[in-house]
Amino acid sequence: MTITAGAPPTHNTPTDLALGFLTGGVIGASLTAFIGGCIVERAPLIVTGLVLPAVCGLVFFLATLPRRAREAAVVPRTALAVIEDLEAVGGETSDVPVRFELSVAPDDAPAFRVEIRQDVNLVELPDYRPRGVVVVEYPPDRPWKVRIVKRPTPQWEERAAGARLDSAPGPTMTSDPPAGCAGGLLTLLGLLLGAVAVLLLFRVDLFGPDESSASPRPSVSSSSSSTTTVTSATGTVTLGPGQSMLDKGELRKAVESLTQGGDKRRALTVVVQDRLLTVVFSPTGVKTAGFDPRSLPYDRVSSLVEQARTTLGVDSPQSWQLTADGVTGSLTLRVTVTGDGGTGTLEADGRGKVQRHSGS
């Protein structure tokens, strides 16, 4: 029988283009965060670079799970196809990858042209030749995913033996359609934007405070007991001799001196040492990053430092440092104690509850 070819079915690629853009953004952001974190020795950046691809991969898997379940439930359509061209494209095993160009002629739809790759056993390779008719299967909603049926039913095998098919005119679809130039450009754009986003969010950690001539001079105030310095990116409070941030109310007073006057800026990092407080503020205009430095659990700081000094196995502890970090979302407190016996670290949540500790 003769089947006349019609216009080939097409498939849209907006989703593929969007996925390429997002993939480029994730790659650019994760690589920039990881490399930058390694250079400036910032753990949050390194963790962000490692966790971001895994999180995005998990989100993509969960988001596409319903679609893949629907696709798996679709009954494939069987049709006849004529081999327009074939070429073995490599392989050193008994199964050889072969590129097929087929004209597929469904019984109830226009014929179309498609190019696929399928492994064929060396013994069976002579059975496939140009102008030969084969039986194929494909999902009705994704006709470019054609596969040659190697063992068709007797009815279809009989139809293929007596069929004469015309070549389908028009463009040839591929089983994995490339996104083309637009897809490559969107992926590159996403990569660049992802890198720029990380550089903007963490520019203080990566490049330090802006010291250009256009930047305002730091505000410095001092008293007999402390010195306070505030810039657009950081704020520091240095206590005088005989004082400590562990003294009752001293840390709270120091933080409030950096956030007075209704300043609602959020902090990326707060570092507390015995006589020094340093706050790295979130960049201006970025409202989601960081945390409110006034939300620190002040009443737990002294006990956390004391617990780190006495329970981490550090002999003769000489110095301590508390780092409050909220870049990754939830507030985390890390107390590091250094002494003759090495270094120990205690980690707590934003309420001051100890989560884990380690010593060396």
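In this structure, CZ in Arg99 is found 5.0 Å from CD in Glu115, a value given to the nearest 0.5 Å. Interatomic distance, Ile148 CD1 to Gln118 CD, rounded to the nearest 0.5 Å: 5.0 Å. Atom CG of Leu258 is separated from atom CZ of Phe281 by 5.5 Å, given to the nearest 0.5 angstrom. Rounding to the nearest 0.5 Å gives a distance of 11.0 Å between CG of Leu193 and CG of Leu22. Leu165 contributes atom CG, which lies 10.5 Å from atom CG of Leu102 (distance to the nearest 0.5 angstrom). Glu347 CD to Thr323 OG1: the interatomic distance, rounded to the nearest 0.5 Å, is 11.0 Å.
Checked by atom type, the side-chain pair Ser103/Glu84 shows a donor-acceptor distance below 3.5 Å. In this structure, a donor-acceptor pair under 3.5 Å is absent between the side chains of Asp325 and Thr332. Side-chain contact, Thr338 with Gln318: no donor N or O sits under 3.5 Å from an acceptor N or O. Neither side chain, Arg159 nor Thr153, offers a donor N or O lying under 3.5 Å from an acceptor on the other.
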Side chain to side chain contact (heavy atoms under 4.5 Å, CB included) between Met245 and Gln273, worked out: CA-CA 7 Å; Met245 289 292 177; Gln273 296 174 322; over 6 Å; no
What do the steps show when you test Arg351 against Ser295 for side chain to side chain donor-acceptor pair (under 3.5 Å), and what is the final call? CA-CA 9 Å; Arg351 295 174 298 177; Ser295 66; over 6 Å; no
Is there a side chain to side chain contact (heavy atoms under 4.5 Å, CB included) between Thr343 and Thr336? Walk through the geometry before answering. CA-CA 7 Å; Thr343 301; Thr336 303; 3.5 Å; yes
Going through the checks in order, is the side chain to side chain contact (heavy atoms under 4.5 Å, CB included) test met by Leu322 and Arg334? CA-CA 6 Å; Leu322 182 144; Arg334 295 181 182 85; over 6 Å; no
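Thr32 places no side-chain N or O within donor-acceptor distance of the main-chain N or O of Ala29, the cut-off being under 3.5 Å. Checked by atom type and distance alone, the side chain of Arg275 never pairs as donor or acceptor with a backbone atom of Thr238 at under 3.5 Å. Of the possible polar contacts, one joining the Ser302 side chain to the Leu246 backbone as a donor-acceptor pair under 3.5 Å is found.
At a threshold of 4.5 Å between non-hydrogen side-chain atoms, the residues Trp320 and Arg309 count as touching. At a threshold of 4.5 Å between non-hydrogen side-chain atoms, the residues Thr234 and Val279 do not count as touching. Within the 4.5 Å cutoff, no side-chain heavy atoms of Trp144 are placed close to those of Phe112. Taking the side chain as every heavy atom from C-beta outward, Leu331 and Leu296 approach each other to under 4.5 Å. Using a 4.5 Å cut-off on side-chain heavy atoms (C-beta onward), Val114 and Glu101 make no contact. Using a 4.5 Å heavy-atom threshold, the side chains of Val96 and Asp119 count as separate. Contact annotation: the side chain of Gln307 approaches that of Leu346 to within less than 4.5 Å [non-hydrogen atoms, C-beta and beyond]. Side-chain contact between Thr78 and Trp156 is present, with heavy atoms from C-beta onward closer than 4.5 Å.
For Glu137 and Arg147, the salt-bridge test fails: no basic side-chain N is under 4.0 Å from an acidic carboxylate O. Arg151 has no carboxylate O lying under 4.0 Å from a charged side-chain N of Glu157, or vice versa, which leaves the two without a salt bridge. Salt bridge status for Arg77 with Asp107: absent, with no side-chain N to carboxylate O gap under 4.0 Å. Salt bridge annotation for Asp247-Lys253: absent, with no cationic side-chain nitrogen under 4.0 angstrom from a carboxylate oxygen. Salt bridge annotation for Arg294-Glu256: absent, with no cationic side-chain nitrogen under 4.0 angstrom from a carboxylate oxygen.
More than 12 heavy atoms of other residues, nucleotides or ligands shown are found within 6.0 angstrom of CD on Gln355. Around the NZ atom of Lys353, the shell of radius 6.0 Å holds no more than 12 heavy atoms that belong to other residues, nucleotides or ligands.
Of the candidates Val272, Val337, Val335, Thr310, Val335 is the only one forming a side-chain contact (heavy atoms from CB on, under 4.5 Å) with Val305.
Under the 4.5 Å side-chain heavy-atom criterion for ILVMFWY residues, a single connected hydrophobic cluster contains both Ile83 and Leu125. Cluster membership for Leu276 and Tyr298, using ILVMFWY side-chain heavy atoms within less than 4.5 angstrom, is not shared. Hydrophobic clustering (ILVMFWY, side-chain heavy atoms < 4.5 Å, transitive): Leu191 and Leu52 are in distinct clusters. Cluster annotation: Val271 and Leu277 are assigned to distinct hydrophobic clusters (Ile/Leu/Val/Met/Phe/Trp/Tyr, side-chain heavy-atom contacts under 4.5 Å, transitive). Hydrophobic clustering, with ILVMFWY side chains joined whenever heavy atoms are under 4.5 angstrom apart, keeps Val120 apart from Val123.
Across all non-hydrogen atoms, the minimal contact from Pro110 to Pro106 is O-CD, 3.6 Å.
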